[in-house]
Amino acid sequence: MAYCVFTPSHRGGRGSPLVCLHGFMDTWRTWELVLPALERRHDVLAPTLPGHAGGPPLEGELSDALIADAIERAMDDAGFATAHLVGNSLGGYVALQLAARGRAQSVVAFAPAGGWAGSDASLDEVLTLQATVHEQAKVSAPHAAAIVASAEGRRRATRLVVESFEHIPAELIAHQMLGVASAGGALAMIEYGLREGYRLLDAQRIACPVRIVWGTADRLLPWPAAAARFRDDWLPHADWVELDGVGRCPQLDVPLEAGQLILGFAAQASA
């Protein structure tokens with residue numbers, strides 16, 4: 001069945017380079033509903049992150065730079081010296097790391113991770129919840145087809161990532177369920193996060209335009225608390241967009257609006 005297949009990346013379209021980076025325990029297919037619009041204007045690369053279903057395994061000692069290093073190599077292999085970068089959650093944080101390395105023409109970050117205030121203990125709570133979600137997914141994965149066969153099952157399966165689920169194909173929801181269960185590096189990354197936290201972002205080195213988009217109904221990285229360091233310390237002058245009633249993954253929740261936010265900002269940055 002198609003939803004059981006995991007691939008390392010997707011590439012399509014023509015135009016200036018654009019890289020899409022998914023969130024924790026997700027896969028590149030989280031961008032599937034916005035890809036047709038993006039590919040009409042851009043050469044789009046959507047890799048699966050290391051340690052995730054379809055992506056390369058985690059190799060060597062875990063570090064804050066490991067995923068950003070891997071995406072830099074993927075960009076090099078694609079012939080992208082720089083690109084417009086789009087990321088969600090963990091992918092948003094990685095996009096900003098890459099921008100600090102000079103690899104971004106622009107960044108659109110959907111609810112990037114790592115923005116809690118230094119005194120906020122929410123990171124440990126989120127990581128503990130994600131460990132539970134990972135274990136629950138391994139139990140439910142064999143029943144994914146039955147779960148997504150009903151509207152009630154699809155609502156349960158998507159409640160942490162979107163507020164509006166009716167338009168998301170059942171096959172894609174099943175794929176995401178199996179993706180969570182099959183993220184082989186998830187527990188190691190969670191343990192690393194609990195031990196080390198998120199390192200400070202070298203925001204002063206980000207020279208490109210940045211847009212940060214946050215759904216006010218995000219259940220994992222709640223607005224505005226999870227954005228505190230981005231708003232107050234690192235990127236107060238970014239272009240900030242609040243999406244009322246939208247959850248953790250705008251690219252799935254409101255794909256038309258998400259695509260417009262990406263394309264409009266990339267065009268503006270290129271003008």
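Because the structure is predicted, anything quoted here is derived from the model rather than measured.
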Summary of salt bridge (Lys or Arg N to Asp or Glu O under 4.0 Å) pairs that have at least one residue in [range], sequence neighbours excluded:
range	value
residues 69-82	D69-R101, E72-R101, E72-R103, D76-R103
residues 40-58	R11-D43
residues 247-261	none
residues 208-231	E163-R219, R211-D239

Taking [X] for the side chain and [Y] for the main chain, is one N or O donor matched with an acceptor at less than 3.5 Å?
X	Y	answer
S63	L66	yes
T30	D26	no
W240	L235	yes
S89	F110	no

Does the side chain of [X] reach to within under 4.5 Å of the side chain of [Y], using non-hydrogen atoms?
X	Y	result
M189	L58	yes
F165	L252	no
F230	L96	yes
V19	P17	no
V44	C20	yes
I71	L21	yes
I212	V241	no
C208	V107	yes

For [X] and [Y], work out which heavy atoms get closest and say how close.
X	Y	answer
M177	A157	SD-CB, 3.8 Å
A170	R154	CB-CD, 4.0 Å
E39	G12	CG-O, 3.5 Å
A78	L45	CB-CD2, 4.0 Å
A181	K138	O-CG, 3.6 Å
T216	G245	OG1-N, 2.8 Å

[atom2] on [Y] to [atom1] on [X], rounded to 0.5 Å:
X	Y	atom1	atom2	value
I168	I173	CD1	CD1	5.0 Å
L194	L127	CG	CG	5.0 Å
L123	E196	CG	CD	11.5 Å
H175	E171	NE2	CD	7.5 Å
L220	S122	CG	OG	11.5 Å
Q251	C249	CD	SG	4.5 Å

Members besides L256 in its Ile/Leu/Val/Met/Phe/Trp/Tyr cluster (side-chain heavy atoms under 4.5 Å) | none

When you look at L187 and E135, which way does the side chain to side chain contact (heavy atoms under 4.5 Å, CB included) test go after all the steps?
-> CA-CA 9 Å; L187 292 181; E135 294 302 318; 3.5 Å; yes

Answer with yes or no whether the hydrophobic clustering places [X] together with [Y]; edges join I, L, V, M, F, W, Y residues whose side-chain heavy atoms lie under 4.5 Å apart.
X	Y	value
L38	M75	no
W31	V213	yes
L49	L98	yes
I206	L90	yes
L243	V34	yes

Any ion pair linking E32 and R29 (charged N to carboxylate O, less than 4.0 Å)?
-> yes

Between R195 and E191, is there a side-chain N and carboxylate O pair less than 4.0 Å apart?
-> no

Begin from the C-alpha positions of I147 and S140 and carry the test side chain to side chain contact (heavy atoms under 4.5 Å, CB included) through to its verdict.
-> CA-CA 8 Å; I147 291 170; S140 62; 4.0 Å; yes

Using residues 262-271 as the side-chain source, report each donor-acceptor pair under 3.5 Å to any protein atom, sequence neighbours left out, with the distance given to one decimal.
residue : atom : partner : partner atom : Å
S270    : OG   : H84     : NE2          : 3.1
S270    : OG   : A266    : O            : 2.9

When you check the side-chain N and O atoms of T82 and Q105, is any donor under 3.5 Å from an acceptor?
-> yes

If you measure only the distance, is there a donor-acceptor pair under 3.5 Å linking the side chains of Q97 and D64?
-> yes

Contacts of H10 that satisfy ring pair (Phe, Tyr, Trp, His ring centres under 6.0 Å) - sequence neighbours left out | W28

So which pairs with a foot in residues 44-80 pass ring-ring contact (aromatic ring centres under 6.0 Å, His included), sequence neighbours left out?
-> H22-H52, F24-H52

Sequence neighbours excluded, every pair satisfying ring-ring contact (aromatic ring centres under 6.0 Å, His included) that has a member inside residues 195-217 | Y93-Y198, W214-W223

Using the test side-chain contact (heavy atoms from CB on, under 4.5 Å), find all partners of P169 that sit at least two apart in sequence or belong to another chain.
-> L33, L172

Would you please name every residue forming a side-chain contact (heavy atoms from CB on, under 4.5 Å) with A53, sequence neighbours left out?
-> F6, T27, S182

Answer yes or no: are there more than 12 heavy-atom neighbours, outside E166 itself, under 6.0 Å from its atom CD?
-> yes

Could you tell me which residues satisfy side-chain hydrogen bond (donor to acceptor under 3.5 Å, both in side chains) with S16, sequence neighbours excluded, listed by chain and number?
-> H42

